[in-house]
Chemist: 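Quick one: this structure, given as structure tokens, is what I'll be asking you about.
Excluded from the calculations below are hydrogen atoms, water molecules and symmetry mates; all remaining heavy atoms, backbone and side chain alike, are included.
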There are 2 protein chains.
Amino acid sequence: MENVKEERDTCRCNVIHSDIVDKVKAEMPAEERLAQMAELFKVFGDFTRVKIICALLDEEMCVCDIASLLDMSQSAISHQLRVLRHARLVKYRREGRVVYYSLDDEHVKNIFGQSLLHVSHR
Amino acid sequence: MENVKEERDTCRCNVIHSDIVDKVKAEMPAEERLAQMAELFKVFGDFTRVKIICALLDEEMCVCDIASLLDMSQSAISHQLRVLRHARLVKYRREGRVVYYSLDDEHVKNIFGQSLLHVSHR
DNA sequence: TATACATATGAATATATGTTCATATGTAGG
DNA sequence: CCTACATATGAACATATATTCATATGTATA
């Protein structure tokens with residue numbers, strides 16, 4: 001039968017389909033990859049950062065441009081750009097006093113495209 | 001010139017490329033869409049939920065299966081499944097006492113595929 | 001070198017969120 | 001009906017995180 005009693009600390013259910021569990025466990029990506037994916041989505045999962053990324057999909061922009069576009073403080077934008085920088089999603093170049101940011105990733109466009117489709121699709 | 005002084009509450013910078021800002025503003029998706037995207041990514045942006053979704057990419061599973069797979073409490077899994085339910089990312093069917101969950105979305109596979117590529121790619 | 005300006009950053013605060021614990025709900029079987 | 005079991009849920013707690021405020025850093029220019 002497929003109902004096998006397993007002794008685990010956390011789950012004392014009797015109805016465990018251990019064959020399914022084992023199969024899925026074998027096919028799942030490595031824990032580290034999954035953790036990295038969660039981190040990536042966490043970076044995407046903020047309204048301000050979504051707007052910044054969408055803006056940078058089209059154009060390179062300086063910090064002030066972005067602050068103006070989103071009607072937010074320079075400080076708030078700068079903090080968020082640091083998050084995006086640390087996630088290596090944006091790159092920047094300095095031109096005098098002005099720092100220009102742009103996207104540094106090939107996959108972001110696809111991911112955001114799919115996501116836009118998703119939220120538009122209902 | 002492109003340096004135009006704009007009076008805004010939040011940004012008092014002098015170097016605003018207002019042509020760029022206007023262009024990007026015109027091309028950006030609607031605020032509501034961007035907010036929905038952020039919400040979607042927020043749901044994806046948790047290690048536990050990433051693991052649940054990845055598991056359900058392959059197989060339909062009951063709550064207990066998932067708890068066993070992730071070695072977490074039934075309660076924790078149930079709470080997270082509720083989040084996924086409210087985001088309409090999973091559907092469920094009841095069979096006696098057991099509730100089986102599966103993915104309820106076409107785009108998730110693509111988004112997760114791209115993201116896995118992304119994190120594997122460096 | 002003194003000032004102005006664009007950006008970065010540390011600390012503080014407020015808010016959001018994930019897990020645990022206890023318990024409720026719903027269903028099958030004796 | 002009473003028990004067992006799978007799942008759901010509310011409250012509490014701990015932790016993470018986004019913005020603000022004040023200030024530091026770095027660069028150009030008078």
Chemist: In this structure, how many angstroms lie between the C1' atom of dA6(D) and the CZ atom of Arg93(B), rounded?
Modeler: 14 Å
Chemist: Just how far, in rounded Å, is C1' of dA8(C) from OH of Tyr92(A)?
Modeler: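 The distance from OH of Tyr92(A) to C1' of dA8(C) comes to 11 Å, rounded to the nearest Å.
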Chemist: Rounded to the nearest Å, what distance is computed from the CG atom of residue Asp65(B) to the C1' atom of nucleotide dT7(D)?
Modeler: 13 Å
Chemist: Under 3.5 Å, which donor-acceptor pairs do the side chains of residues 29-45 of chain A form with other protein atoms, sequence neighbours left out?
Modeler:
{"residue": "Arg33(A)", "atom": "NH1", "partner": "Gln36(A)", "partner atom": "OE1", "Å": "2.9"}
{"residue": "Arg33(A)", "atom": "NH1", "partner": "Val119(B)", "partner atom": "O", "Å": "3.3"}

Chemist: Listed by chain and number, what are the side-chain hydrogen bond (donor to acceptor under 3.5 Å, both in side chains) partners of Arg94(B), not counting sequence neighbours?
Modeler: none
Chemist: In whole angstroms, how far is the C1' atom of dC5(D) from the CD1 atom of Ile16(A)?
Modeler: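 Rounded to whole Å, this separation is 13 Å.
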Chemist: With sequence neighbours left out, what residues match His107(A) under ring pair (Phe, Tyr, Trp, His ring centres under 6.0 Å)?
Modeler: His118(B), His121(B)
Chemist: Rounded to whole angstrom units, what separation is found between the NE2 atom of His86(A) and the C1' atom of dT17(D)?
Modeler: 15 Å
Chemist: Establish, with yes or no, whether the OP1 or OP2 oxygen of dT7(D) is under 4.0 angstrom from a side-chain nitrogen or oxygen of Arg85(B).
Modeler: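 Answer is no, no contact under 4.0 Å.
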Chemist: Kindly indicate whether the side chain of Val21(A), heavy atoms from C-beta on, has any atom under 4.5 Å from the side chain of Met61(B).
Modeler: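 With C-beta onward as the side chain, the pair touches.
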Chemist: Report the residues that fulfil side-chain contact (heavy atoms from CB on, under 4.5 Å) with Arg88(A), sequence neighbours left out, ordered by chain and then residue number.
Modeler: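 Listed in chain order: Arg122(B).
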Chemist: Taking only side-chain nitrogens and oxygens of Tyr101(B), does any of them come within less than 4.0 Å of OP1 or OP2 of dA8(D)?
Modeler: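 Checking Tyr101(B) against dA8(D): at least one side-chain N or O falls below 4.0 Å of OP1 or OP2.
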Chemist: Can you check the Arg82(A) CZ to dA18(D) P distance for me, whole Å?
Modeler: 11 Å
Chemist: Reading nucleotides 15-22 of chain C from the 5' end, what letters show protein touch, with B for base, S for backbone sugar-phosphate only, - for no heavy atom under 4.0 Å?
Modeler: --SSSBBB
Chemist: Under the 6.0 Å and 45° cation-pi test, does Lys51(B) pair with Phe47(B)?
Modeler: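 Positive - Lys51(B) is close enough to the ring of Phe47(B) and near enough to its axis.
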Chemist: What is the distance from CG of Leu70(A) to P of dA18(D), rounded to the nearest Å?
Modeler: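 Roughly 15 Å, once rounded to whole Å.
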Chemist: For Ser75(B), check side-chain contact (heavy atoms from CB on, under 4.5 Å) against everything at least two apart and list the hits.
Modeler: Ser73(B), His79(B)
Chemist: Return a single string for nucleotides 24-30 of chain D, one symbol per nucleotide in 5' to 3' order, where B is base contact, S is sugar-phosphate-only contact and - is none, cutoff 4.0 angstrom on heavy atoms.
Modeler: --BBS--
Chemist: Could you pull out all residues at least two apart from Lys23(B) that satisfy salt bridge (Lys or Arg N to Asp or Glu O under 4.0 Å)?
Modeler: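 Scan of Lys23(B) (salt bridge (Lys or Arg N to Asp or Glu O under 4.0 Å), adjacent residues dropped) gives Glu59(A), Glu27(B).
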Chemist: Looking at residues at least two apart in the chain, or sitting in another chain, which of them share a ring pair (Phe, Tyr, Trp, His ring centres under 6.0 Å) with His86(B)?
Modeler: none
